[in-house]
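Fair warning: this is a prediction, and the values are worked out from it, not measured in the lab. Just so we're on the same page: letters track the sequence lines, and every chain starts at 1.
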2 protein chains.
Amino acid sequence: MDTKAPRPRTRIQTEKRELILEAALEVFSAHGFRGSTIDQIADAAGMSKPNLLYYFRRKEEIHETLMQRLLDTWLAPLKELDDIGDPLTELRSYIRRKLEMARDFPRESRLFANEILQGAPRIKPMLEGELKSLVDEKAEVIKGWMRAGKIAKTDPWHLIFSIWATTQHYADFDVQVRAVLGADRGSDGRFEDAARFLEQLFLDGLRPRPDRQG
Amino acid sequence: MDTKAPRPRTRIQTEKRELILEAALEVFSAHGFRGSTIDQIADAAGMSKPNLLYYFRRKEEIHETLMQRLLDTWLAPLKELDDIGDPLTELRSYIRRKLEMARDFPRESRLFANEILQGAPRIKPMLEGELKSLVDEKAEVIKGWMRAGKIAKTDPWHLIFSIWATTQHYADFDVQVRAVLGADRGSDGRFEDAARFLEQLFLDGLRPRPDRQG
DNA sequence: CAAATTTTTGACCGATTGGACAAACGTTAG
DNA sequence: CTAACGTTTGTCCAATCGGTCAAAAATTTG
């Protein structure tokens with residue numbers, strides 16, 4: 001005999017769950033897990049607390065669902081880092097893609113940062129398993145490029161870290177970036193400036209070199 | 001007539017306040033402000049909650065005191081960035097100093113990261129005032145180096161951001177770094193590897209160049 | 001020593017929190 | 001229409017939280 005068949009999901013259930021997750025992303029990313037209350041999320045989703053708890057039985061369940069979705073989209077750019085094509089171009093577009101994600105999904109970035117900052121209590125196994133495997137695999141690809149003389153020889157793991165750090169910084173430390181750049185420069189051109197800077201940094205560094213064009 | 005003269009501090013007061021701040025740093029940096037309870041801090045400090053509240057009347061008072069101290073030590077390395085000496089050497093030692101701080105004061109780094117992540121509710125004025133001034137000033141110094149052809153021309157503000165991001169990453173995302181590097185490489189040599197990598201990144205970038213020595 | 005002052009504690013309080021629950025309401029299929 | 005099922009709400013609860021308070025204990029001062 002089979003155990004309880006999991007009921008199919010209603011139209012309303014699908015919609016409302018989506019609404020809740022969107023609201024929860026907003027709230028969790030701004031205040032962290034413990035800093036957020038079910039009431040806040042329910043408010044943001046335009047429903048009552050008991051109603052919200054009808055769709056997600058516990059606060060943790062919302063957070064878990066959110067994290068699972070997040071991780072897929074979050075690692076997608078790295079998965080796309082491929083051995084085909086010019087190495088420098090590949091890296092450059094990886095950096096650009098990560099920077100675009102920081103611009104377009106800052107809440108997701110902050111949700112992730114919050115989790116890691118607190119010691120990753122809920123996703124440590126994933127970090128040590130899935131994430132480590134993926135990074136190790138891509139590190140091998142990068143090592144290949146180095147052996148082939150296509151890019152400078154250096155530590156591929158720390159290279160990946162530095163790309164994560166510099167790009168996500170613009171989402172996670174957004175308030176600080178805005179404050180330092182000021183109202184004028186802190187707005188629209190910000191990400192284009194960052195993209196230009198990071199490209200130059202990762203390609204050529206700071207050591208002055210003779211102008212490559214007249 | 002003068003208003004209440006603020007009583008001088010007792011020996012016990014000085015000691016116990018220090019004990020509490022140390023405990024609070026541990027707890028706040030691990031769980032964030034809202035995620036931490038006075039009981040946790042009192043426990044970590046080896047005293048009862050009412051006893052702790054005898055030295056700091058409110059939870060926020062502990063956090064404020066902690067933040068004030070933090071900011072001084074946190075900005076010290078940037079303040080030391082001086083116009084004397086070789087620019088590349090100056091930048092290299094700034095990076096090294098920041099990396100050492102991430103290694104030696106990871107809790108302070110995480111406390112700061114927590115505050116910024118949540119939108120810097122308690123220190124935004126400082127970011128827009130003191131911090132912005134300091135960064136603007138140092139950006140001018142760096143611009144001078146660029147005009148003099150001592151380092152490559154690029155955006156000095158984003159350069160500073162990238163140094164902050166890459167170095168603090170090793171404190172704030174420590175769990176992730178450890179998980180990805182694994183138990184073996186995750187331990188001692190980690191910071192030396194990072195230092196070597198960052199030096200190479202910031203000086204020469206990734207574009208392959210002919211070996212500078214036989 | 002004794003008086004004054006500082007430090008520590010146990011008991012307590014009101015507010016907030018995550019969550020339970022049954023009853024009411026809405027929707028839909030036969 | 002009506003029975004069955006899905007949805008929503010008001011009310012309630014126990015636990016936890018930040019913080020108070022008076023009184024006990026320890027320390028300092030004369």
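Note on residues 32-59 of chain A: pairs passing ring-ring contact (aromatic ring centres under 6.0 Å, His included), not counting sequence neighbours, are F28(A)-F33(A), F33(A)-H63(A).
Within the cation-pi definition used here (under 6.0 Å to the ring centroid, within 45° of the axis), K98(A) qualifies as a partner of W74(A).
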Per-nt protein contacts along nucleotides 25-30 of chain C (heavy atom under 4.0 Å; B base, S backbone sugar-phosphate only, - none) come out as ------
Whether each nucleotide of nucleotides 9-21 of chain C has a protein heavy atom under 4.0 Å at its base (B), only at its sugar-phosphate (S) or at neither (-) is summarised, 5' to 3', as BBB-----SBBBB
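Between Q13(A) and the phosphate of dG6(D), there is no side-chain N or O to OP1/OP2 separation shorter than 4.0 Å. In this model, the phosphate group of dT6(C) is not approached by any side-chain N or O of K16(B) to a distance below 4.0 Å at OP1 or OP2.
Y55(A) comes within contact range of the sugar-phosphate backbone alone, with a heavy-atom separation under 4.0 Å but no base atom that close.
The CZ atom of R17(A) sits 15 Å away from the C1' atom of dT7(D) (whole-angstrom rounding). I41(B) has its CD1 atom 14 Å from the C1' atom of dG19(D), to the nearest Å. We find that CD of E15(B) is positioned 12 Å from P of dT27(D), with the value rounded to whole Å.
Under the side chain to side chain donor-acceptor pair (under 3.5 Å) criterion, E100(B) pairs with no residue at all, not counting sequence neighbours. Residues satisfying the salt bridge (Lys or Arg N to Asp or Glu O under 4.0 Å) test with R122(B), not counting sequence neighbours, are E60(B), E115(B). Applying the ring pair (Phe, Tyr, Trp, His ring centres under 6.0 Å) rule to W164(B) yields the partners F161(B); only residues at least two apart in sequence or on another chain are considered. For E137(A), there are no side chain to side chain donor-acceptor pair (under 3.5 Å) partners, not counting sequence neighbours. Here E90(A) pairs with nothing under the side chain to side chain donor-acceptor pair (under 3.5 Å) rule; sequence neighbours left out. Applying the side chain to side chain donor-acceptor pair (under 3.5 Å) rule to H169(A) yields no partners; only residues at least two apart in sequence or on another chain are considered.
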